[in-house]
Undergrad: 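If you scroll down you'll find the structure; I have some questions about it.
If you read the sequence from its start, that first residue is 1, and numbering goes on from there.
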Amino acid sequence: MQTNFTLAQLADPAMAASEKILRTCVHCGFCTATCPTYLLLGDELDSPRGRIYLIKDMLEGGKPASAEVVRHVDRCLSCLSCMTTCPSGVHYMHLVDHARTHIEKTYDRPLGDRLLRAVLAFVLPYPGRFRLALWGAKLGQPFRGVVARVPQLGNRLAAMLDLAPATMPGRNAFDRPGTFPPRQGKATKRVALLRGCAQSVLRPDFNEAAIRLLNRHGVEVVQAQEGCCGALTHHMGKEHSAHAHAKQAIDAWDAEIAKGLDAILVTASGCGTTIKDYGFMFREDPAYAEKAARVSALAKDVTEFVATLDLGAPTVESDLVVAYHSACSMQHGQGIRTEPKALLTRAGFTVKEVPEGHICCGSAGTYNILQPEIAGRLRARKVANIERIRPDVIATGNIGCATQIGKGTAIPIVHTVELLDWATGGPKPAALTAVPPRLEAAE
């Protein structure tokens, strides 16, 4: 793709990076075949290629974002399926992230939209605030019909109420900063584990299972005071907020790196994709470039790390059929496709591929709140594909997907690491309490 940026424009490192990405695109259109919004809406401007044209015109012309650009960029899930498909290696993630930052700086959104985005940025990255908001949502659920009729915001406020869990998880001993050593023997490895924000409220059992599994296999786990990784606000274009959260995490982990770390583990793949990109995000920051690069180099999804351990033979025999849902941030964002399925198979589970597994479930951070109609259609499509293979349980590696899909099906959904923990000596996941083994059910 030919570009016509001025030398003054290219003096901006963000603009220079985007110009390089734009020049990589060859207009082939392969990306349209795997773009969820193009598949649903059939509009070229709701495909990666169409958005690239819009972004190029906006950035190259030095223009403020227009309503048209905002509409089509807002509809992008950042699922990154286009990056897996692209034969030219177009780094669409960095381009759309830059576009969102430009939109946030130059476009005056309607008041209702601004307020909703401000509330999400104020609440979601903070576990205490988020927990209070969920209690408020539970109180508001009986009034959903009234809320849905609020002008401009009704559908999105209703989506927020719909996504609130039926029951609030209790706190557990693992949901805190601290060090968790192996119960037996000397630690052979030491890792940091992201405690995070939304996941620590919605499903603290994910990290609890990860810590048990790692401890059982000789790994010392530390949960630092890192807070939110910044992913939620980063994808909303709120650069200042995202970088502030990321810097706090980088500082916390860099202090642990100084004490010796084999890896920084993440049980939410959406967070993992962002953390692995810290090196790029802070490449021009003299105070953080080196530290951010160190953190990114050590960041791993929990299944990447567990795949390097000798888990031994499973201690629990299970004939359960598992539908493995690979989050977009896992398969497209981080390129992790085989490790989780191989681990589950070795643990004794029958793992089935989900048809159209490359298509997003519609979660995408705050997307299922900001674009509830499209997200709802994608969830229905995903759930139909999962139920077609008749699994006993769904396994995934991302809290957003677990919440989104769980609202559309009665099939229990757990984190991959919960099944691995159970198979190697941990407790049976609470979500599977009512699910008997297949042989027992047949009797």
Side-chain angles (χ1 to χ4, degrees), residues 80 84 174 180 188-196 199 203-221 223 229 231 261-277 296-314 316 318 320 322-354 357-358 361 363 391 393-402 405 413-426 429 431:
L80 309 181
T84 297
F174 296 91
F180 302 89
T188 57
K189 293 181 183 293
R190 182 175 187 267
V191 301
L193 181 66
L194 172 69
R195 183 166 164 243
Q199 180 176 286
R203 294 296 295 265
D205 47 334
F206 288 2
N207 268 17
E208 180 180 356
I211 292 170
R212 279 197 307 263
L213 176 66
L214 292 165
N215 284 172
R216 195 180 308 118
H217 292 88
V219 181
E220 180 178 272
V221 181
Q223 289 187 140
C229 70
L261 277 186
D262 293 286
I264 296 169
L265 303 187
V266 188
T267 52
S269 61
C271 301
T273 301
T274 297
I275 293 166
K276 288 182 176 183
D277 204 44
S296 289
L298 283 173
K300 292 182 182 295
D301 183 76
V302 66
T303 56
E304 279 185 285
F305 184 80
V306 171
T308 69
L309 303 177
D310 180 10
L311 299 185
V316 174
S318 173
L320 295 184
V322 179
Y324 174 68
H325 165 73
S326 183
C328 296
S329 47
M330 185 82 82
Q331 60 176 310
H332 304 310
Q334 300 182 52
I336 301 171
R337 298 181 179 89
T338 61
E339 290 91 335
K341 291 181 288 187
L343 285 167
L344 289 169
T345 300
R346 288 202 297 271
F349 299 100
T350 300
V351 182
K352 286 192 175 183
E353 296 274 358
V354 176
H358 62 288
C361 69
S363 172
V393 59
I394 305 163
T396 188
N398 191 48
I399 179 60
C401 300
I405 296 170
I413 185 163
V414 299
H415 197 288
T416 304
V417 81
E418 289 186 278
L419 293 178
L420 298 176
D421 176 45
W422 176 37
T424 58

Undergrad: How long is the gap from CZ on F180 to CD1 on I211, to the nearest 0.5 Å?
TA: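 F180 atom CZ to I211 atom CD1 measures 4.5 Å (nearest 0.5 Å).
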Undergrad: I'd like to check the side chain to side chain contact (heavy atoms under 4.5 Å, CB included) partners of C229; sequence neighbours left out, ordered by chain and number.
TA: A231, C271, I275, Y278
Undergrad: Please give me the minimum heavy-atom distance between G333 and L80, naming the atom from each residue.
TA: CA-CD1, 3.8 Å
Undergrad: Can you name the nearest heavy-atom pair linking S326 to Q331, along with the distance?
TA: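 Closest approach of S326 to Q331, heavy atoms only: O-NE2, 3.0 Å.
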Undergrad: How about N207 and V221: do any of their side-chain heavy atoms sit closer than 4.5 Å?
TA: no
Undergrad: Got a second to check how far L213's CG is from E418's CD, nearest 0.5 Å?
TA: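 So the CG of L213 and the CD of E418 are separated by 11.5 Å.
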Undergrad: Name all pairs fulfilling the side-chain hydrogen bond (donor to acceptor under 3.5 Å, both in side chains) condition that reach into residues 209-218, sequence neighbours left out, sorted by first residue then second.
TA: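 Every side-chain hydrogen bond (donor to acceptor under 3.5 Å, both in side chains) pair that includes a residue of residues 209-218, provided the two are not neighbours, is E208-R212, R212-D421, R216-D421, R216-T424.
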Undergrad: Which value, rounded to the nearest 0.5 Å, describes the distance between F349 atom CZ and T416 atom OG1?
TA: 10.0 Å
Undergrad: Under the side chain to side chain donor-acceptor pair (under 3.5 Å) rule, collect the residues that match up with D301, sequence neighbours excluded.
TA: T303
Undergrad: Any side-chain to backbone donor/acceptor pair from E339 onto A307? Under 3.5 Å, distance only.
TA: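 Judged by distance alone, no pair lies under 3.5 Å.
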Undergrad: First locate atom OG1 of T274, then atom NZ of K276, and finally report the distance between them rounded to the nearest 0.5 Å.
TA: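 Atom-to-atom, T274:OG1 and K276:NZ are 11.5 Å apart.
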Undergrad: Do L320 and L419 have side chains that approach each other closer than 4.5 Å (heavy atoms only, starting at C-beta)?
TA: no
Undergrad: Quick check: does any side chain N or O of Q199 sit under 3.5 Å from a backbone N or O of L194, one acting as donor and the other as acceptor?
TA: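 Not confirmed, Q199 side chain does not pair with L194 backbone.
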Undergrad: Checking F305 now: which residues fulfil ring-ring contact (aromatic ring centres under 6.0 Å, His included) with it, not counting sequence neighbours?
TA: none
Undergrad: May I ask you to test the I405-T396 pair for a side-chain heavy-atom distance under 4.5 Å?
TA: no
Undergrad: Test of understanding: with ring-ring contact (aromatic ring centres under 6.0 Å, His included), list the residues that count as partners of F206, not counting sequence neighbours.
TA: H415
Undergrad: With the side chain counted from C-beta on, respond yes when S269 and Q334 share a heavy-atom pair under 4.5 Å apart, and no when they do not.
TA: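 Yes, their side chains come closer than 4.5 Å.
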Undergrad: Considering residues at least two apart in sequence or located in another chain, which fulfil the side chain to side chain contact (heavy atoms under 4.5 Å, CB included) criterion with L298?
TA: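 Counting only residues at least two positions away or on another chain, L298 forms a side chain to side chain contact (heavy atoms under 4.5 Å, CB included) with I257, L261, I264.
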Undergrad: Taking the side chain as every heavy atom from C-beta outward, state whether I336 and E304 have any pair of such atoms under 4.5 Å apart.
TA: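 A side-chain contact exists here, since the closest heavy-atom pair is under 4.5 Å.
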Undergrad: Return the minimal non-hydrogen interatomic distance between G272 and V266, and the atom names on each side.
TA: N-CG1, 3.6 Å
Undergrad: In sequence, state the C-alpha distance, the side-chain angles, and the governing distance for L265 and V306, and then conclude on side-chain contact (heavy atoms from CB on, under 4.5 Å).
TA: CA-CA 10 Å; L265 303 187; V306 171; 6.0 Å; no
Undergrad: Could you tell me whether the side chain of I413 reaches within less than 4.5 Å of the side chain of H325, counting heavy atoms only?
TA: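 Not in contact.
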Undergrad: Do we see a donor-acceptor contact under 3.5 Å between the side chains of T84 and R337?
TA: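 Checked: T84/R337 side chains pair up, N/O donor to acceptor below 3.5 Å.
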Undergrad: Does D262 use its side chain to pair, donor to acceptor, with the backbone of V191 at less than 3.5 Å?
TA: no
Undergrad: Can you tell me how far the CG atom of N398 sits from the OG atom of S363, to the nearest 0.5 Å?
TA: 6.5 Å
